[in-house]
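Convention: sequence-line order gives letters A, B, ...; per-chain numbering from 1.
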Amino acid sequence: MPDLSVTLSGIKLDNPVIPASGTFGYGAEFKDFYDINILGSFSFKGTTKEPRFGNPTPRVAECVSGMINSVGLQNPGIDAVINEELPRIATYFKKPVIANIGGFSVDEFVYCAERLSVSEQVGIIEVNISCPNLHKGGVNFGSDPKAAAEVTAAVRKATNKPIYLKLSPNVESITEIAKACEDAGADGISLINTLLGMRIDIKTRKPVIANKMGGFSGRAIFPVALRMVYEVSKAVKIPIIGMGGVASAENVIEMMMAGASAVQVGAENLRNPYACKEIIEALPRVMAELKIDRLRDIVGVA
Amino acid sequence: MPDLSVTLSGIKLDNPVIPASGTFGYGAEFKDFYDINILGSFSFKGTTKEPRFGNPTPRVAECVSGMINSVGLQNPGIDAVINEELPRIATYFKKPVIANIGGFSVDEFVYCAERLSVSEQVGIIEVNISCPNLHKGGVNFGSDPKAAAEVTAAVRKATNKPIYLKLSPNVESITEIAKACEDAGADGISLINTLLGMRIDIKTRKPVIANKMGGFSGRAIFPVALRMVYEVSKAVKIPIIGMGGVASAENVIEMMMAGASAVQVGAENLRNPYACKEIIEALPRVMAELKIDRLRDIVGVA
Amino acid sequence: MNKVLFQILTNNQIAKDVYRLILSGDTGGISAPGQFVNIELEGFYLRRPISVCDWDDKTLTLIYKTVGEGTKALSKLKTGSLNLLTGLGNGFDLSACGKRPLLVGGGVGTPPLYGLCKRLIERGAEPTVILGFNSADEVFYEEEFKCLGAETLVATVDGSHGVKGLVTDALKVLTQDFDSYCACGPEPMLRALYKALDIKGQLSFEERMACGFGACMGCSCKTKYGSKRICKDGPVLKADEIIW
Amino acid sequence: MNKVLFQILTNNQIAKDVYRLILSGDTGGISAPGQFVNIELEGFYLRRPISVCDWDDKTLTLIYKTVGEGTKALSKLKTGSLNLLTGLGNGFDLSACGKRPLLVGGGVGTPPLYGLCKRLIERGAEPTVILGFNSADEVFYEEEFKCLGAETLVATVDGSHGVKGLVTDALKVLTQDFDSYCACGPEPMLRALYKALDIKGQLSFEERMACGFGACMGCSCKTKYGSKRICKDGPVLKADEIIW
Ligand SMILES: Cc1cc2nc3c(=O)[nH]c(=O)nc-3n(C[C@H](O)[C@H](O)[C@H](O)COP(=O)(O)OP(=O)(O)OC[C@H]3O[C@@H](n4cnc5c(N)ncnc54)[C@H](O)[C@@H]3O)c2cc1C
Ligand SMILES: Cc1cc2nc3c(=O)[nH]c(=O)nc-3n(C[C@H](O)[C@H](O)[C@H](O)COP(=O)(O)OP(=O)(O)OC[C@H]3O[C@@H](n4cnc5c(N)ncnc54)[C@H](O)[C@@H]3O)c2cc1C
Ligand SMILES: Cc1cc2nc3c(=O)[nH]c(=O)nc-3n(C[C@H](O)[C@H](O)[C@H](O)COP(=O)(O)O)c2cc1C
Ligand SMILES: Cc1cc2nc3c(=O)[nH]c(=O)nc-3n(C[C@H](O)[C@H](O)[C@H](O)COP(=O)(O)O)c2cc1C
Ligand code: FES
Ligand code: FES
C-alpha cells in the first residue's frame with residue numbers, strides 16, 4: 001500500500017494535493033463535480049478585511065499553456081467568510097482548510113489572521129504577501145525582505161495557527177525573502193504566486209486585460225516554480241508548499257523532489273475541474289512505477 | 001504592398017525578424033535550410049574574449065511549451081569570430097549582423113566591443129549583461145542598475161557602433177535597469193534573456209541539467225516577455241528589440257504593439273529551423289487581415 | 001453540470017464564418033435553454049464557452065462563429081470526440097416569459113434563443129422573434145425559427161435582407177404588445193432593447209471566462225443586487241438588475 | 001538535411017517496449033547509416049532524435065524504445081503523418097571499416113548497425129555482429145541481421161538468450177581478427193569495447209539535444225581535437241578522439 005500522507009506543521013494530510021487559493025473558491029463549485037474530502041486540504045480564496053469586487057473585466061487572458069488573471073482579490077470580506085463561508089464549508093468538507101488572507105497593510109493581515117484563528121476548521125493560515133502595499137509607497141510586501149519580515153512577525157503574534165507566507169516570484173532573490181520570513185517566525189513558505197504577464201489583442205490593439213497586466217500561471221510556469229522551490233528549500237528549514245503549473249501526478253512528485261512537503265494545484269482546476277481528483281488517483285500508480293513507497297520520503301531528494 | 005521595414009538606430013532592416021543569439025550559431029546551419037538573406041538581421045552566438053567550452057552536459061531540458069538551456073556561452077572566442085566566422089558569414093549573408101558579446105568583467109565587454117567595432121559586417125553590438133559577474137561577488141551586471149550602467153558607459157566609449165544592452169528578466173524591476181542603461185548611453189535595449197528555470201528527472205531523482213538550473217525560454221515565456229517589453233517601452237525613449245517566446249507572425253505583431261521596434265526569435269528556431277522564414281512569409285497576410293500597411297506604424301500602439 | 005465526452009456528428013458552415021456543430025452524448029446536465037457548454041480544444045489552455053442552441057436526450061446542437069484561433073481550430077474538426085463541461089450557467093427562466101414573449105438575437109447571440117423558442121412553444125406560449133445581422137450572408141436560422149411556428153423578423157444593418165437597420169428598427173415594425181422579452185447579443189443591442197422596452201426582460205451576457213463554472217471570479221459583474229458571476233449566476237440576468 | 005513530411009505505414013511492437021516504425025516519404029536527405037532523424041511530436045516542445053535503422057528511396061525504418069512521454073505518444077500513432085528533420089549527423093564512414101568489421105549494438109543502439117551492416121555487405125565486406133540486451137524478451141533483429149548474411153551473436157545479461165553476459169563476453173567467444181569496429185549503445189558499453197579492442201573504432205554517442213542540427217551547442221562534448229557537437233560532428237566519433 002503506497003503511503004501518500006504528508007505532514008505540514010503537525011497537521012497530517014492524507015495526500016499532498018491541495019487546490020490553490022483563488023482557483024477553488026470555497027470548494028462549493030467543486031463538490032458538485034466530486035467529493036472534495038479526497039483532497040489533502042484546500043486553500044480558499046484570498047480573504048481581506050472588507051468585501052472587494054476586485055478589478056474591472058476582462059480579468060482573464062489565455063496564453064500558450066497558461067493564463068493571466070487580474071481578479072484583484074474579489075472576496076466577500078472576512079465577516080462573510082467567517083459567518084457564511086466557513087459554516088457552509090463545514091457541511092461538505094471535513095478536514096482542516098488553509099485560510100488564505102490578503103491585505104494592503106500589516107494591520108489588515110493581523111486583523112484577518114486574528115479573526116480566522118478562532119475557527120477550528122482552519123488548519124493553516126496562508127499569508128499572501130504578493131499584493132501591492134499601498135501604505136509603503138508601492139513596494140510589495142512580497143518583494144522586500146524587511147516588509148515581508150514585518151508582516152510575518154506581526155501575524156506571528158496574532159495567531160497560534162501555523163502561518164505560511166506566500167511569496168511572489170517577481171523578485172530577484174526569492175531565497176532572501178523566504179529567509180526573512182523564516183527568521184521572523186513563519187512556520188512554512190508557500191510559493192509561487194503568479195508571474196507578472198501581459199497579452200495584447202492584436203485586433204483591438206489594446207491589452208486583453210482591463211488592468212493591462214495580470215498574474216500569469218498554469219503549466220507554462222512550472223520550470224520557474226520548481227527552480228524557486230528548489231532554491232528556497234536549500235535556504236530554509238521550514239516546510240514548503242510548492243505550486244506553479246502543477247498539472248499531473250508526475251509534476252507533484254517533481255515538486256516534492258525539489259523540496260516541497262505538499263503541493264498546490266491552481267489554474268489547472270479551472271480548465272479541468274477534476275484535475276486534483278485525477279492527480280490523486282494517478283499518484284499510487286506513478287509511485288509504484290518509480291518505486292516510491294512513502295511520498296514523504298522524496299521531499300527534497302534532488 | 002505591405003511595408004515590413006523597420007529601422008534600428010539608423011540601420012534599415014527589410015523586416016523586424018531577427019534570430020536570437022545562441023539559437024542561430026553564425027547562421028551556417030540555417031543557410032542549408034533556406035537563404036538567410038531574407039532575415040532582417042541575425043544576432044550571432046554570444047562571444048567572449050577567450051574560447052569557452054561552456055557547461056557540462058546535459059545542457060538542455062524539455063518543458064511544457066519551452067526548454068531550458070545551460071550552454072554556458074560556448075563560443076570559439078573573439079579572435080576566431082573575427083578571423084574565421086565573420087569572413088565565413090560574409091560568403092552567405094549580405095546584411096549587417098548583430099554582434100552579441102558576453103563577458104565576465106567590464107574589461108572583457110570593452111575588449112570584445114572594440115575588436116568588433118572595426119568590422120563593417122557588424123551593424124549593432126548587443127551586450128549581454130545577463131551572465132554572472134565573477135568579479136562582483138556574484139552580482140549580475142544585469143540585475144544591478146549601477147553595474148549595468150557601468151558596463152554601458154564603458155562599452156559606449158569603446159565603440160562607435162550602436163550598442164544594445166540585453167537584459168535579464170530575473171529581476172524585480174526591469175525598467176530600473178533599462179533606464180540606467182539608457183542614461184549611460186545605450187542606443188537600444190534587447191529583452192528578454194531567459195528566465196531561470198529547472199527540471200528534475202523523477203526517475204533518477206536528479207536535476208536534468210548537469211548545472212542544475214538553466215535558462216528557460218520558448219513559447220511559454222511570451223506573456224512575461226511581452227509585459228517587460230511593454231513596461232520598458234513606457235520607461236525609455238531608445239528602441240527595443242523584443243524577444244521571448246516569439247513563434248508566429250501574430251506574436252511579432254503583438255511584441256511590436258507592446259513597444260518593440262524589432263523582434264528576435266530564439267528557441268523556436270531550434271524546434272523548427274524554418275521558423276523565421278515562415279514568420280516572414282506570414283507577415284504580409286496577417287498585416288492585411290489586421291489592416292496594417294507599415295509594420296513600423298504599430299510600434300507601441302497598445 | 002458535468003464533464004462529458006461527446007462525439008462529433010456534423011460540423012458544417014451555415015453562414016459566413018458561422019458553423020453548426022451537432023454532437024452526440026449525454027446531455028443530462030443541461031436543464032434550461034440559455035445554458036452553455038465549455039469546450040476543451042487540443043492545444044488551447046482555456047475552454048471555449050458556447051451556448052446550447054438545442055438539445056434532446058442524445059444530441060446537442062451548437063452554433064458558433066469563427067472569430068479567433070480556437071473557433072477556427074474547432075471548425076476544422078469533422079470527426080472524433082470533444083470534451084465538454086455541460087449545463088453551465090442558469091439559462092432563461094421560461095416561467096417568467098408570459099404568453100407573448102419577444103425573443104431578440106443579434107448575430108451569434110441567436111442560437112440560445114432557438115432552444116428557448118422551441119420550449120416556449122411547447123409550453124403553449126406564442127413568441128415573436130427578431131434576429132439581427134450585419135448582412136444577408138450572415139443570416140442563419142430564419143427558416144428554423146419559422147418552422148417552430150414563431151413569427152420571425154430579420155433585420156440587417158445594410159438592408160440586404162429583411163428590415164434595414166438594427167433589431168430596434170425591426171421592433172418598430174411590430175405593433176402587438178409583449179409580456180416580456182429575452183435577448184442575447186452584443187451589449188449595445190441589449191442596452192438599446194432595455195431602453196426601448198418597458199416590460200420584464202431577461203438578457204444573456206458574455207464575458208471572458210477562465211473556468212466557466214463559478215470558481216475563479218474571472219467573469220464578475222456588478223449588478224444592483226451585488227456582484228454576480230456571468231458564468232454561474234448568469235449568463236442570463238434580469239434586465240432590471242443591470243447597472244448600465 | 002531537410003524537413004520532410006512522412007506518412008506512417010506501420011508502427012508495431014517488436015520486443016518489450018520496442019517498436020518499429022516504417023514511414024514513407026522523401027529519404028533524399030539521408031546519405032549514410034548512423035545518421036538520425038528528429039521527430040516533431042504534437043504536444044512536445046522538442047523533437048525526438050531517432051537513428052535511421054534502414055532506408056530506401058521511398059521508405060524509412062526506425063526502431064525505438066518507449067522510455068518516456070514522447071516515445072510513448074509516438075508508439076500510439078498508427079496512421080497519419082510525421083514531420084521529420086532527416087539526414088542529421090555524420091553517420092558511419094563505410095570506407096574506414098575494412099573487409100572484416102565488427103559491429104556491436106547494445107539495446108536500442110542496435111538499429112543504426114542494421115543499415116550499416118546491409119551496406120557493408122553490399123560493398124563486399126564481411127561484418128560480424130554482436131547484439132547485447134538485458135534479457136530474451138528485449139531481443140530484436142537477430143534474425144534480420146542473420147538474413148543479411150552476417151555472423152550474429154546475441155548476449156543477454158541474464159543469460160536467457162545467447163551468451164550470458166555483456167557484449168564483451170560475447171566478444172571473447174569470437175576468435176577471428178577484425179579490421180575495425182563500429183558500435184552504438186550505452187556509454188559504459190562503448191568504453192568497455194574501447195578498452196577491449198585495439199583496432200580502429202567508430203562509436204555512436206547520445207546526448208540530450210535541442211536542435212539536432214548544430215545550431216544551439218546543446219550537445220557538445222570535448223574530444224582530443226577540440227569540442228564537437230554530437231548532433232552535427234557526430235553522433236559517430238572515432239574511438240581514438242574520445243576523452244574517456
Ligand atoms: C456564455 C457564453 C456563451 C457564448 N455562446 C456563443 C455561441 O453560442 N456562439 C458563438 O459563436 N460564440 C459564443 N460565445 C463567444 C465565444 O465563446 C467566443 O467567440 C470564443 O471563445 C472565441 O474563441 P477564439 O479562440 O476563436 O477567439 P480568441 O480571441 O482567439 O480567444 C482568446 C480567448 O478569449 C476568449 N474570448 C474571445 N472572445 C470571446 C467572447 N466573445 N466571449 C467570451 N470569451 C471570448 C476565448 O474564450 C479565449 O479564452 C459565447 C461566450 C460566452 C461567454
Ligand atoms: C542521435 C540519437 C539517436 C538515437 N537513436 C535512437 C534509436 O534509434 N532508438 C531509440 O529507442 N532511441 C534513440 N535515441 C534516444 C531517444 O532520442 C530517446 O529515447 C527519446 O528522445 C526519449 O524521449 P521521451 O520523450 O520518450 O523521453 P523523456 O525522458 O520524456 O524525454 C525528455 C527529453 O529528454 C530527451 N531524452 C531522453 N532520453 C534521451 C536519450 N537517451 N538521448 C537523447 N535525448 C534523450 C528527449 O529527447 C526529450 O527532449 C537516440 C538519441 C540520439 C541523441
Ligand atoms: C484566477 C486566479 C486567482 C487567484 N487568486 C489568488 C488569491 O486570491 N490568493 C493567492 O494567494 N493566490 C491566488 N492565485 C494564485 C494561485 O493560488 C497560485 O499561486 C498560482 O496561480 C500558481 O499556481 P498555478 O500555476 O497552478 O495556477 C490565483 C490564481 C488564479 C489563476
Ligand atoms: C540554446 C540557447 C542559447 C542561448 N545563448 C545566448 C547567448 O549566447 N547570448 C545571449 O544573449 N542570449 C542567449 N540566449 C537567449 C536568447 O537569445 C533569447 O534571449 C531567449 O532565449 C528568449 O527568447 P526565446 O524564448 O525566443 O528563446 C540563448 C538561448 C537559447 C535557447
Ligand atoms: S469564469 Fe470562473 S467564475 Fe466565471
Ligand atoms: S543539439 Fe543543438 S547543437 Fe547539437
Next item on the list: Test side-chain contact (heavy atoms from CB on, under 4.5 Å) on A:Thr57 and C:Arg208 and set out the steps.
Entry: CA-CA 8 Å; A:Thr57 55; C:Arg208 296 235 172 187; over 6 Å; no

Notebook entry, point to check: When rounded to the nearest 0.5 angstrom, what is the spacing between CG in A:Asn272 and CG in C:Asn83?
Noted result: 7.0 Å

Check: Between A:Gly25, A:Pro76, A:Ser65, which has the largest tally of heavy atom pairs under 4.5 Å with chain C?
Finding: A:Ser65

Item checked: C:Cys219 and A:Arg59: CA distance, side-chain angles, deciding distance, side-chain contact (heavy atoms from CB on, under 4.5 Å) verdict -> CA-CA 7 Å; C:Cys219 64; A:Arg59 291 177 177 183; over 6 Å; no

Note to self: For A:Val60 versus C:Gly218, what's the shortest heavy-atom pair and its separation?
What the structure shows: CG1-CA, 4.0 Å

Next item on the list: Measure across A:Phe33 and C:Asn2 and return the closest heavy-atom pair with its distance rounded to 0.1 Å.
Entry: CE2-CA, 4.0 Å

Check: So what's closer than 4.5 Å to chain C heavy atoms on A:Asn269: side chain, backbone, both or neither?
Finding: backbone

Next item on the list: Could you look at A:Val208 and say if it's the side chain, the backbone, both or neither that has a heavy atom under 4.5 Å from chain C?
Entry: side chain

Notebook entry, point to check: Is atom NZ of C:Lys238 surrounded by more than 12 heavy atoms (other residues, nucleotides or ligands) closer than 6.0 Å?
Noted result: no

Check: For C:Lys232, is it the side chain, the backbone, both or neither that has a heavy atom under 4.5 Å from a heavy atom of chain A?
Finding: side chain

Notebook entry, point to check: When you check the gap from the basic side-chain N to the acidic O, do A:Lys203 and C:Glu69 get nearer than 4.0 Å?
Noted result: no

Check: Closest heavy-atom contact between A:Pro58 and C:Glu207?
Finding: CA-OE2, 3.8 Å

Checklist line | chain A contacts, top residue of C:Gly226, C:Gly214, C:Gly212 (heavy-atom pairs, under 4.5 Å) | finding: C:Gly214

Check: Using non-hydrogen atoms only, which part of A:Pro56 is less than 4.5 Å away from chain C: side chain, backbone, both, or neither?
Finding: neither

Check: Who among C:Cys211, C:Gly43, C:Ser220, C:Gly70 has the most heavy-atom pairs with chain A under 4.5 Å?
Finding: C:Ser220

Item checked: Most contacts with chain C, counted as non-hydrogen pairs under 4.5 angstrom, among A:Phe30, A:Tyr274, A:Phe53 -> A:Phe53

Checklist line | Minimal non-hydrogen separation, A:Ala267 against C:Tyr45, with atom names | finding: CB-OH, 3.3 Å

Check: What are the two closest non-hydrogen atoms of C:Arg48 and A:Glu62, and how far apart are they?
Finding: NH2-OE1, 2.6 Å

Check: Which bit of A:Phe24 is near chain C, if near means a heavy-atom gap under 4.5 Å: side chain, backbone, both or neither?
Finding: backbone

Check: If you round to the nearest 0.5 Å, how far is CG of A:Leu270 from CZ of C:Phe213?
Finding: 6.0 Å

Margin query: Testing the basics here: between A:Gln74 and C:Ser227, what is the closest heavy-atom pair and its distance to 0.1 Å?
Written below: NE2-OG, 2.8 Å

Item checked: side-chain contact (heavy atoms from CB on, under 4.5 Å) assessment of A:Leu73 paired with C:Met217 -> CA-CA 9 Å; A:Leu73 284 184; C:Met217 301 290 149; over 6 Å; no

